[in-house]
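Below is one structure; the comments refer to it alone.
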Amino acid sequence: AMLGDAKQAAGFVVHRFACGGPDNDPANRMTAAELAGVYERYGEGVLLDPAASFRFAGYFLGAGTGVLDAVIAEEAAALGRADLAGALAGRIALIYKAGWWGTDLSIGGYAALPRRGCGSVHMQGLAFAAFIADADGVAAGFVIDQAVGEMLREEIRAALTMLGGSTGA
């Protein structure tokens, strides 16, 4: 309560989320940075023990939903290497959760994409979260899941560049 009030007074966006939204008693309150921190700890393997972590990940959506496909295809085409799209799509590990309550929308998750460093390829983990509070309206057909690809666009471009053997310069 006090921590949330202090963060809100300091300009942080505090979002009420989960089924029931603002009617939850007490309301679930968290900043996007705090939510991203949960996913970051998951990615580092320090949030839960391995068995619980496996169950945790099972509650979320993943790359198999196709949520990244359009951005991967666009970025591969922009590099002139449409052939790389399929190669990258199969190498991304992703969990995410999207939700909304009226005009409050939220999305957060964790992605691991291939990156080159120190002469080898490794998986680079990225935690992300975004909240939209009190939107003026939500367009018919809008799905907040579409934001995942946009939030990861630069990292997708970097991974495709690495797979294509280009420096991007």
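The shown structure was predicted, so the numbers you read here are calculated from the model rather than taken from an experiment. No hydrogens, no waters, no symmetry mates; every other heavy atom, side chains included, goes into these values.
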Minimum heavy-atom separation for Ala36 and Ala129, please, with both atom names.
N-CB, 3.9 Å
Go through the steps for Glu150 and Arg153 under the test salt bridge (Lys or Arg N to Asp or Glu O under 4.0 Å), then give the verdict.
CA-CA 5 Å; Glu150 292 305 324; Arg153 184 177 287 275; 2.8 Å; yes
To the nearest 0.5 Å, what is the distance between OG (Ser106) and CD1 (Ile132)?
9.0 Å
Scanning both residues in full, the closest heavy-atom pair of Ser53 with Tyr42 reads OG-CE1, 3.2 Å
If every non-hydrogen atom of Val67 is compared with every non-hydrogen atom of Gly62, which pair is closest and at what distance?
CG1-O, 4.4 Å
For Ala51, give me all partners under side-chain contact (heavy atoms from CB on, under 4.5 Å), at least two apart in sequence or on another chain.
Asp49, Arg55
Distance col, row Glu75:CD vs Leu68:CG, nearest 0.5 angstrom, shows 12.0 Å
Check: Leu61 and Lys97 side chains under 4.5 Å, non-hydrogen atoms:
no
NZ/NE/NH1/NH2 to OD/OE distance under 4.0 Å, Arg157 and Glu154
no
Kindly state each residue pair satisfying side-chain hydrogen bond (donor to acceptor under 3.5 Å, both in side chains) with at least one member in residues 121-131, sequence neighbours excluded.
none
Which atom pair, heavy atoms only, marks the closest approach of Gln146 to Gly141?
NE2-O, 4.5 Å
Spacing of CD belonging to Glu155 relative to CG belonging to Leu160, to within rounding of 0.5 Å
11.5 Å
For residues 89-96, which side-chain donor-acceptor pairs fall under 3.5 Å, sequence neighbours excluded?
{"residue": "Tyr96", "atom": "OH", "partner": "Thr65", "partner atom": "OG1", "Å": "3.3"}
{"residue": "Tyr96", "atom": "OH", "partner": "Asp145", "partner atom": "OD2", "Å": "3.0"}

With sequence neighbours left out, which residue pairs that include part of residues 57-84 fulfil the ring-ring contact (aromatic ring centres under 6.0 Å, His included) condition?
Tyr39-Phe60, Phe56-Phe60
Are any of the side-chain heavy atoms of Phe128 and Leu152 separated by less than 4.5 Å?
yes
Non-hydrogen side-chain atoms of Ile107 and Phe131 separated by less than 4.5 Å
no
Just distance, no hydrogens or angles: give the donor-acceptor pairs under 3.5 Å from side chains in residues 78-86, sequence neighbours left out.
{"residue": "Arg81", "atom": "NE", "partner": "Asp83", "partner atom": "OD1", "Å": "3.0"}
{"residue": "Arg81", "atom": "NH2", "partner": "Asp83", "partner atom": "OD2", "Å": "2.8"}

Give me the atom names and distance for the closest heavy-atom approach of Gly149 to Ile156.
O-CD1, 4.3 Å
Under the rule for side-chain contact (heavy atoms from CB on, under 4.5 Å), what residues qualify as partners of Arg116, not counting sequence neighbours?
Val121, Met162
Side-chain heavy atoms under 4.5 angstrom apart, residues restricted to Ile, Leu, Val, Met, Phe, Trp, Tyr: same cluster for Met123 and Val148?
no
